[in-house]
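Small disclaimer: the values here were computed from a predicted structure and weren't measured.
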Amino acid sequence: MNFLKAEWRKLAIINYEIDTDVLLPYLPKGTELDFYKGRCYVSLVGFMFLNTKLLGFSIPFHRNFEEVNLRFYVKKQEKGAWKRGVVFIKEIVPKPALSLVANSIYKENYHTMPMKNQIHENGDELLIRYSWKDKSWHSIQIMAESTAKPMEENSEFEFITEHYFGFTKKENTTSEYEVCHPKWDCYTVKDHHLEIDFQKIYGSDFTFLNHQKPVSVMLAEGSEVQVKTKKFIH
């Protein structure tokens, strides 16, 4: 059953290499960390939620909005095959009702903050900027070529975007939900700029990101998505 249908568009993805010891306390039971060429990643992701429907219904004033999240990558073996998914450290949205629903039903770690976006195409350049505010403004900005291209097989971009499950740790239990979407096209990133205090937003475990350069910066076009109803697996 579809819990949510929407479009995820213009996903700005900032990837960092991280020590596995930092993530182990956040690892849901029954999952293990997923690696790309021996590297363990954490990603800061900003994007647009568009045409959102919950259980088939549009909610007034909650159809189009920004989200920014910090996530890492895991896998879980089931019936001889791997399910590859993500775990969210924190998800930021601009509407209190969104946080209430997500935290109540999906037991995710959603927080409500003022947010804004800028998406501007000028000739062959595309500017994407997502901003959110606690006591001060934080932002992700990417300048890219304006034409998206298909992803390359076995690429870093494919690894980052081809995780089709969400796993959530809640005390001694783990819940799982499936996210369905086609492969995403990607834009060639020309430049990026970050204004963010990771310690203020995500806590002392992630302070080191204030002083670490990303290993890669990506911009995905996105697509329509369907989020299935969650189930408990442990």
Side-chain angles (χ1 to χ4, degrees), residues 3-4 8 11-47 49 67-93 102-103 105-111 151 153-184 186 198 201-209 212 214-218 220 222-223 225-234:
F3 170 71
L4 178 147
W8 293 351
L11 294 96
I13 307 170
I14 318 295
N15 303 307
Y16 297 88
E17 189 170 6
I18 189 169
D19 190 315
T20 57
D21 289 343
V22 176
L23 297 179
L24 291 179
Y26 299 92
L27 191 66
K29 185 179 179 181
T31 68
E32 57 186 86
L33 293 171
D34 201 2
F35 297 84
Y36 178 73
K37 294 186 175 180
R39 280 179 160 175
C40 185
Y41 283 75
V42 63
S43 300
L44 181 68
V45 183
F47 63 101
F49 243 109
E67 177 175 320
V68 172
N69 63 60
L70 187 69
R71 70 187 199 183
F72 64 96
Y73 303 90
V74 300
K75 58 185 180 179
K76 173 183 171 290
Q77 194 165 39
E78 186 174 296
K79 297 179 181 178
W82 287 104
K83 287 184 171 180
R84 300 171 68 226
V86 301
V87 177
F88 294 103
I89 302 296
K90 179 186 284 189
E91 295 156 279
I92 299 168
V93 290
N103 293 339
I105 298 177
Y106 270 71
K107 307 302 181 185
E108 294 283 5
N109 188 22
Y110 270 77
H111 291 253
M151 71 168 68
E153 285 191 14
N154 302 315
S155 64
E156 183 189 40
F157 181 89
E158 182 181 60
F159 171 81
I160 292 295
T161 60
E162 295 283 282
H163 282 76
Y164 288 105
F165 290 87
F167 296 101
T168 307
K169 178 179 181 178
K170 189 65 175 178
E171 298 174 352
N172 292 320
T173 64
T174 298
S175 61
E176 166 194 309
Y177 54 91
E178 185 177 5
V179 181
C180 302
H181 63 76
K183 289 180 178 290
W184 288 338
C186 58
F198 281 93
I201 301 295
Y202 300 107
S204 58
D205 286 349
F206 300 95
T207 302
F208 73 96
L209 294 176
Q212 185 168 314
V215 294
S216 57
V217 177
M218 303 169 176
S223 67
V225 299
Q226 299 176 15
V227 178
K228 304 293 186 181
T229 303
K230 75 168 186 175
K231 62 179 182 179
F232 288 94
I233 57 176
H234 285 285

Looking only at heavy atoms, which two atoms of [X] and [Y] are closest? And how far apart?
X	Y	value
Gly46	Val68	CA-CG2, 4.0 Å
Ile160	Met218	CG1-CE, 3.9 Å
Phe35	Phe159	O-CE1, 3.5 Å
Lys29	Asn172	CD-O, 3.9 Å
Gly85	His163	O-CD2, 3.2 Å

So [Y] and [X], do their side chains get closer than 4.5 Å, heavy atoms only?
X	Y	result
Phe47	Asn69	yes
Cys180	Lys228	yes
Ile13	Thr161	yes
Leu27	Phe167	no
Glu176	Lys76	yes

Problem - Sequence neighbours excluded, every pair satisfying salt bridge (Lys or Arg N to Asp or Glu O under 4.0 Å) that has a member inside residues 30-43 - result: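 Residue pairs passing salt bridge (Lys or Arg N to Asp or Glu O under 4.0 Å), neighbours aside: Glu17-Arg39, Asp34-Arg84.
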
Problem - Residues that Glu162 engages under salt bridge (charged side-chain N to carboxylate O under 4.0 Å, His left out), provided they are two or more places apart - result: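 With sequence neighbours excluded, Glu162 shows a salt bridge (charged side-chain N to carboxylate O under 4.0 Å, His left out) to Lys183, given in chain and number order.
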
What distance separates [X] [atom1] from [Y] [atom2], expressed to the nearest 0.5 Å?
X	Y	atom1	atom2	result
Phe206	Phe208	CZ	CZ	7.0 Å
Leu70	Asp205	CG	CG	11.0 Å
Tyr36	Tyr41	OH	OH	6.5 Å
Glu67	Ile92	CD	CD1	9.0 Å
Leu23	Ile18	CG	CD1	4.0 Å
Tyr110	Glu91	OH	CD	4.0 Å

Exercise for the section: Might you work through the side chain to side chain contact (heavy atoms under 4.5 Å, CB included) test for His181 and Tyr164, ending with a clear yes or no? Expected result: CA-CA 8 Å; His181 63 76; Tyr164 288 105; 3.5 Å; yes

Problem - Lys90 side chain to Ile201 backbone, donor-acceptor under 3.5 Å - result: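 The answer is yes, because a donor-acceptor pair under 3.5 Å joins these two groups.
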
Exercise for the section: Spell out, as yes or no, whether a donor-acceptor pair under 3.5 Å connects the side chain of Lys169 to the backbone of Pro25. Expected result: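 Yes, the answer is positive, given that a donor and an acceptor are paired below the 3.5 Å cut-off.
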
Exercise for the section: For Phe198 and Leu44, run side chain to side chain contact (heavy atoms under 4.5 Å, CB included): C-alpha distance rounded to whole Å, both residues' side-chain angles, the deciding distance at 0.1 Å, then the answer. Expected result: CA-CA 10 Å; Phe198 281 93; Leu44 181 68; 4.1 Å; yes

Exercise for the section: Using the six-membered ring wherever Trp is involved, compare the ring planes of Phe49 and Trp8 and label them parallel, tilted or perpendicular (cut-offs 30° and 60°). Expected result: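 Because their plane-to-plane angle is over 60°, the rings of Phe49 and Trp8 count as perpendicular.
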
Handout entry: Proximity of Tyr202 and Tyr16 rings by center, below 6.0 Å
Key =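 Aromatic pair excluded; centres sit 6.0 Å or further apart.
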
Handout entry: Any side-chain donor near an acceptor of the partner, Tyr73 and Ser43, under 3.5 Å
Key =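 Side chains of Tyr73 and Ser43: pair found under 3.5 Å.
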
